[in-house]
There are 2 protein chains.
Amino acid sequence: MQNDCKNCVFNTRATSMLSDKSFGQLSENHLELRFSKGDTIIKQGMFSTNVVFLRKGLAKIHLTGPYHEQIVRLVKAPTYLGLPTTFGDKINQYSVTAVTDTDVCYIDVRVFQTILNENREFSNDILIELSKNELESFRRCANRTQKQIRGNMADVLLEFSEKIFQSDSFTLPISQSELANLVDTSRESVNRVLNEFDKDGIIKVNGKQIEILNKKSLNLISQNG
Amino acid sequence: MQNDCKNCVFNTRATSMLSDKSFGQLSENHLELRFSKGDTIIKQGMFSTNVVFLRKGLAKIHLTGPYHEQIVRLVKAPTYLGLPTTFGDKINQYSVTAVTDTDVCYIDVRVFQTILNENREFSNDILIELSKNELESFRRCANRTQKQIRGNMADVLLEFSEKIFQSDSFTLPISQSELANLVDTSRESVNRVLNEFDKDGIIKVNGKQIEILNKKSLNLISQNG
DNA sequence: ATTATTTTGTGATATGCATCACATTTATTA
DNA sequence: TAATAAATGTGATGCATATCACAAAATAAT
């Protein structure tokens with residue numbers, strides 16, 4: 001039995017403006033699924049007929065680069081996944097994999113398009129989301145290519161702390177190899193930098209458990225190198 | 001005196017679907033401008049109240065990175081500029097600079113939004129453009145960070161040849177330092193690689209004049225290293 | 001034209017980091 | 001609980017490429 005979308009906890013500002021008719025369409029034409037940690041939610045190269053709404057959990061957007069897998073970014077619910085594919089060539093250009101257990105809604109592209117066309121607010125919000133992502137991409141790419149490892153590692157730790165976990169102490173949601181793919185470096189370097197930061201008293205590392213002890217230092221490292 | 005937008009040569013598939021009313025609004029609320037090579041069309045950090053339509057010419061999208069200027073990509077008319085800013089926070093997150101002399105239309109954001117709301121085809125095309133850009137960004141970023149200089153230089157040369165000039169011989173539209181900022185390397189390395197390619201008979205370099213002699217080799221270098 | 005400025009060409013040196021190699025610890029599975 | 005695999009820790013080495021330092025052309029400015 002499907003949930004009633006109108007009463008979904010994860011109504012965004014935009015979706016809350018939808019008409020009853022649109023909510024009806026959504027409620028009838030979506031598919032709720034759960035994924036376990038490590039499961040593939042969206043598979044690069046596959047034909048896609050769905051938009052995915054991530055209701056709960058953490059996921060990584062990643063793609064096959066020329067030499068190795070690249071993690072573009074971690075995303076946190078609630079958010080849409082696969083929007084660019086929906087409006088692009090319908091072939092997924094990237095994969096999305098569950099990093100924690102997740103709850104997900106699959107929405108058929110045609111239903112999504114219909115709702116989009118009927119709701120100004122909604123389509124505007126999608127435009128905003130896509131735009132923000134593009135700008136974010138530019139900045140992220142410039143940082144990754146120009147900064148060196150310590151700077152990028154500092155950024156990732158700050159992002160985890162501020163954007164994803166909203167806490168100074170958290171558990172790393174991905175392995176050091178994955179961190180390396182996110183930060184464009186090698187697994188060994190990730191390890192070294194993490195332990196350097198620990199020895200310098202900037203963070204406390206205990207297995208996957210991280211505590212940020214000196215945020216000011218991290219910000220400095222992020223800026224300098 | 002303003003041009004009639006309906007008869008604009010650079011009507012895209014999407015704009016050609018606009019209603020007469022929308023065309024009227026466009027014709028009355030746009031501003032045609034020319035820029036000379038090197039002029040700033042959009043300035044990072046400035047508040048923006050316009051969408052820019054590049055009618056003629058070549059421009060570079062670039063932004064201030066943590067250590068130096070970064071060229072995100074070269075764009076060729078006809079195309080929109082500044083869309084992400086329009087739907088984002090209205091502060092330009094990047095600059096756009098004329099690489100050749102350009103013709104440009106400034107369209108007030110509010111007029112643009114109105115037209116967008118009234119024309120399904122049009123807004124859909126904008127969604128598609130934004131989506132393609134995002135996917136393109138992912139790929140580009142993965143390539144730049146994973147490949148090494150020869151590979152990236154090969155890519156840029158192929159892109160110039162295929163996407164921008166549609167010819168095997170062309171004049172480099174930017175200096176070697178700018179190429180370096182586009183390819184994420186140093187000016188010296190750009191120079192060396194260019195001359196290496198020349199010595200290997202892959203391209204012929206004569207000042208800023210480039211002729212691609214062996215496209216197959218370039219593609220191989222792009223893939224391997 | 002002459003000077004000044006920017007762009008290009010090229011060697012020599014330095015360095016950040018990938019890669020390799022292997023030990024150790026922590027998870028997973030049988 | 002043993003066995004197997006995956007993830008982590010750390011030194012030693014090599015290499016791609018940044019940086020430095022000038023020289024030479026090519027452009028722009030006076």
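Numbers restart at 1 for each chain; the letters A, B, ... are given by sequence-line order, proteins then strands.
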Quiz item: Can the ring centroids of A:Y80 and A:F112 be said to lie less than 6.0 angstrom from one another?
Solution: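 For A:Y80 and A:F112, the ring centres are under 6.0 Å apart.
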Can you measure [X] atom [atom1] to [N] atom [atom2] for me and round it to whole angstrom units?
| X | N | atom1 | atom2 | answer |
| --- | --- | --- | --- | --- |
| A:M153 | C:dA18 | CE | P | 12 Å |
| B:Q148 | C:dC17 | CD | C1' | 13 Å |
| A:Q146 | D:dA18 | CD | P | 12 Å |
| B:I221 | D:dA16 | CD1 | C1' | 16 Å |
| A:K37 | D:dA6 | NZ | C1' | 12 Å |

Exercise. Name every residue in residues 188-208 of chain A that has at least one heavy atom under 4.0 Å from any atom of DNA chain C, in order of residue number, or write none if there are no such residues.
Key: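 By residue number: A:E188, A:S189, A:R192.
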Practice problem: Would you please confirm or rule out a distance under 4.0 Å between OP1 or OP2 of D:dA7 and any side-chain N or O of A:S177? | Solution: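 False: A:S177 side-chain N/O out of range (4.0 Å or more) of D:dA7 OP1/OP2.
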Quiz item: Just to confirm, is there a sub-4.0 Å distance from OP1 or OP2 of C:dT6 to any side-chain nitrogen or oxygen of B:Q176?
Solution: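 No, outside the criterion.
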Exercise. Answer with base, sugar-phosphate or nothing: what part of the nucleic acid does A:S175 contact at a heavy-atom distance below 4.0 Å?
Key: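 Sugar-phosphate contact only - A:S175 comes under 4.0 Å of backbone atoms but never of a base.
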Self-check item: Carboxylate-amine/guanidinium contact B:R34 B:D103, below 4.0 Å
Solution: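 Judged by the 4.0 Å cut-off on N to carboxylate O distance, B:R34 and B:D103 do form a salt bridge.
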Quiz prompt | Charged N-O contact under 4.0 Å between A:E136 and A:R140 | solution =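 Salt bridge present between A:E136 and A:R140.
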Quiz item: A:D108: what forms a salt bridge (charged side-chain N to carboxylate O under 4.0 Å, His left out) with it, not counting sequence neighbours?
Solution: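 For A:D108 the salt bridge (charged side-chain N to carboxylate O under 4.0 Å, His left out) partners, ignoring immediate neighbours, are A:R110.
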Quiz item: Which pairs count as salt bridge (charged side-chain N to carboxylate O under 4.0 Å, His left out) when at least one residue sits in residues 204-219 of chain B, sequence neighbours excluded?
Solution: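 Sorted pair list: B:E162-B:K215, B:D168-B:K215.
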Quiz item: B:R187 has a side chain; which of D:dT17, D:dT19, C:dT8 sits nearest to it?
Solution: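 Given the options D:dT17, D:dT19, C:dT8, the side chain of B:R187 is closest to C:dT8.
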Practice problem: Please say whether more than 12 non-hydrogen atoms of neighbouring residues, nucleotides or ligands are located less than 6.0 Å from NZ in A:K76. | Solution: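 It does: A:K76 NZ has more than 12 such atoms within range.
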